[in-house]
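Proteins get letters first, then strands, A, B, ... in listed order; numbering begins at 1 in each.
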Number of protein chains: 2
Amino acid sequence: MARIAVDAMGGDFGPAPAVAGAVQAATRLPGIERLYLVGHEQAIEAELRKARDIPPQIEIIHATEVVEMHESPAVAVRRKKDSSISRCVDLVKADRADAIFTAGNTGAAVAATTLKLRTLEGVERPAIAAVFPTQYRPVVLLDAGATTDCTPRMLCQFAVMGVVYAMEILRVSEPRVGLMSIGEEDAKGNETTKEAFRQMEKSSLRFVGNAESKDIYQNRVDVAVCDGFVGNVVLKTSESTAKAIRGWIREELESRLVYRVGAWLARGAFARIKERSDPSFTGGAPLLGVNGICIIGHGSSKQQAVFNGIRVATQSVDHKLNPHIVARLRDTFGNGS
Amino acid sequence: MARIAVDAMGGDFGPAPAVAGAVQAATRLPGIERLYLVGHEQAIEAELRKARDIPPQIEIIHATEVVEMHESPAVAVRRKKDSSISRCVDLVKADRADAIFTAGNTGAAVAATTLKLRTLEGVERPAIAAVFPTQYRPVVLLDAGATTDCTPRMLCQFAVMGVVYAMEILRVSEPRVGLMSIGEEDAKGNETTKEAFRQMEKSSLRFVGNAESKDIYQNRVDVAVCDGFVGNVVLKTSESTAKAIRGWIREELESRLVYRVGAWLARGAFARIKERSDPSFTGGAPLLGVNGICIIGHGSSKQQAVFNGIRVATQSVDHKLNPHIVARLRDTFGNGS
C-alpha cells in the first residue's frame, strides 16, 4: 500500500492534468492508500469538481507558492518554503507519504528531496533515470541531469541504482550495464570514465564495457551510465533529433501532391510510431538515490502521463525499491567502497 | 595554390575511393598544385590504372604500413613510423604539402598531427569540427572527439576556431557561438562550462549563451562548443537516433500493404531527405588547432566524400584558415589569456 503526494501545481498546464491524473489513479490503481494533491486549495478544488466521483483516498494539502520552471532551483527551495514541491517533500519527511510525483521544475525537485530527505546509505549523489523507448525493450539511462559533476564512484553507484530499477520496475532479469563513452574500446573515454570502467569491471555488475548511443537502440545494454551533464545531452539530443527528422519528413511529404497522397495512405504507420515513442507512456523519470520515492514527469505532462507517473511511484513503493538499492550497493562493491 | 597529401590506405574500403576521389579532385578542382597519394605503391598504382587520365599533379609516396581502425592511436603512431598517416604528416612537416585528407583512424590522425606539427600559437589542444546538416544552414559543433578533458580556456579557444571555420569555409558572417550545456539559463552546466560561460561573455565573441541540441537544429547557433567527450556523444546520438527512426519507419511502413503503397508514392520525399542528410556532402571534419590543415573523413568515405574532403582541404589552405585562427585568438581574448 502506497501513499502518494502529487505536486498539483508544477506542470506547464497548471493543476488540471495533475488532478485528473490523480483521480484516475486513485480510482483505477489498486494499492493507493492515500493520494495528496498538494498546491493551491481553491484551484485544486475547482478541478476536482469536474470529476464525477472524488475517490476517498484523495486529500488536499494547501500550499501557497509554486516554483516556476525558469527559477533557480537552489534559490527557490530556500526562499519558497511553502511551495507545492517543498510541501510534497515535507509529507514524505513526516512519514505521511511514501512517494512524490511532480511535473514541475526538475532542479527544484532534486534540490528539495536531496536537502530534506538526504541520500540513501551508500549513495553520495542522486541520479535521474530516464527510460528510453526503443524498438526492443526500454533502456534506463542515468544520470539524466541531477548531478553534473561526478566522480567514478558516483557513476558506479548510479549503475547499481539503474540495475535495481530495471529489475524491479521494468522486470529485466540480470540487466547489462554499459558505461557511456566515446568508443567501445576499454581505453576510450575521459579520465572519470576510465577510472569508473576499472571499478565496474571489478564489481559484481553484469558490466558489458563502454557503450555508445547506438548500443541503447541496438539492445546491447539495459542500463547506460554517465554523469548528469552527458546524460542530459544524450536525452535532449535524441529528442531534438527525432523532432527535427519528423519536421523534415513532414516538410518533404507536403512538397508534392503525390507525396501527400502516399503519406495519407501510410498515416496509420506514422501514428503508431508516434504512439510507441510517446514519452507519456513511460510515466516520468524516477529520481534515484534519495531517501524517498520521487518520480519526475515532463513539464508538458497531460492526464495520462500523470496517471502513469503515479503508477510508477506506487510500483516503486510496493517493490521496496530503496531498500533493494541499499542492499545491492553493499553487495556490488563490497565493504571497501 | 594548395598541395594536398591524401592518406590512400586509411578508409574502410582500401585505396579505391581515395584514389578515385583524388583523381576527380585533381581534374576538377582549380588550385591543386600537387596531390600526393600516400600508401602502398603497388595498390595505389593498380587503382590509378583504372583512371582514364592520370592528372599530372598526382604523385605517389610509398608507405609500408597502415594504422588499422581498431588500433590504439598513441601506440600506433609511436610504433608504425612508416604508416600512411604518419607519412602524410611528414610531408606537411617538410613543407612539401599544405594539407592532409584521411578517412583512417581518427585518433591516429589527431595524435600524429599533434605530435609532429604541434598546435598553433594560442591553442593548447586541437578540436575536431563536425559540420551538422540542418534544415537551415550547417552548424559547426566542436570538439567532436579530439580532446576529451578540457579546461574552460580550451573551450574558449575552440569557440574562436569554430567561428573562423564558419566564416572562412561555410561563409557565415558573424557566427553566433553557443556553449553546449544542459539548459539555457546562465547558471546551468558543470563546473567547466560555468567558468567557460564567464570567459566567453567577457570576450568579443558573438556569444549567445548556453545552448542545447535543439538549438543546433533550430538555427539559434552557428558554432556549438563543448569538450570532445560531449561533442562525440552529441554527434553519435544524433546519428544513431536518426538511424533508429529510419529503421522504425521502415518497419512500420512494411507492415501493411496500404502503407507500402503509400511509401512507394512518397519515395521521392524519402530519397531527398536521405540525400540532404548524407554526410558525404559535408566533406569530412577538419581537425582545427594544429599547425597544418587536416581533414578527417568518415571511415566509410566513398569517392564523393574523398573529393569533398579534398575540396574542403584546398579551401582551408586558400583561405589561410590557420593564420586567421591565430590572429582571431589574439583579438578575442586580448593579451591576458
With a 4.5 angstrom heavy-atom cut-off, which part of [X] approaches chain B: side chain, backbone, both or neither?
| X | answer |
| --- | --- |
| A:Phe229 | both |
| A:Ser181 | both |
| A:Glu191 | both |
| A:Ser238 | both |

Tell me whether the count of non-hydrogen atoms from other residues, nucleotides or ligands lying under 6.0 Å of [atom1] in [X] goes above 12.
| X | atom1 | answer |
| --- | --- | --- |
| B:Arg267 | CZ | yes |
| A:Arg137 | CZ | yes |
| A:Arg256 | CZ | no |
| A:Arg125 | CZ | no |

Shortest non-hydrogen contact between [X] and [Y], atoms and distance:
| X | Y | answer |
| --- | --- | --- |
| B:Ala269 | A:Leu253 | CB-CD2, 3.9 Å |
| B:Gly189 | A:Thr148 | O-OG1, 3.4 Å |
| B:Leu265 | A:Val261 | CD1-CG1, 3.9 Å |
| A:Tyr259 | B:Ala266 | CD2-CA, 3.7 Å |
| A:Thr241 | B:Ala242 | CG2-N, 4.2 Å |

Looking at side-chain heavy atoms only, is the closest gap between [X] and [Y] below 4.5 Å?
| X | Y | answer |
| --- | --- | --- |
| B:Asp227 | A:Asn190 | no |
| A:Arg246 | B:Ile245 | no |
| B:Gln218 | A:Lys243 | yes |

(message) Nearest 0.5 Å, please: how far is CE in B:Met180 from OG1 in A:Thr237?
(response) 5.5 Å
(message) Shorter than 4.5 Å, heavy atoms on both sides: which option in A:Ser72, A:Cys226, A:Ser240 has the most such pairs with chain B?
(response) A:Ser240
(message) For the interface with chain B, which of A:Arg260, A:Glu252, A:Lys214 has the highest count of heavy-atom pairs at distances below 4.5 Å?
(response) A:Glu252
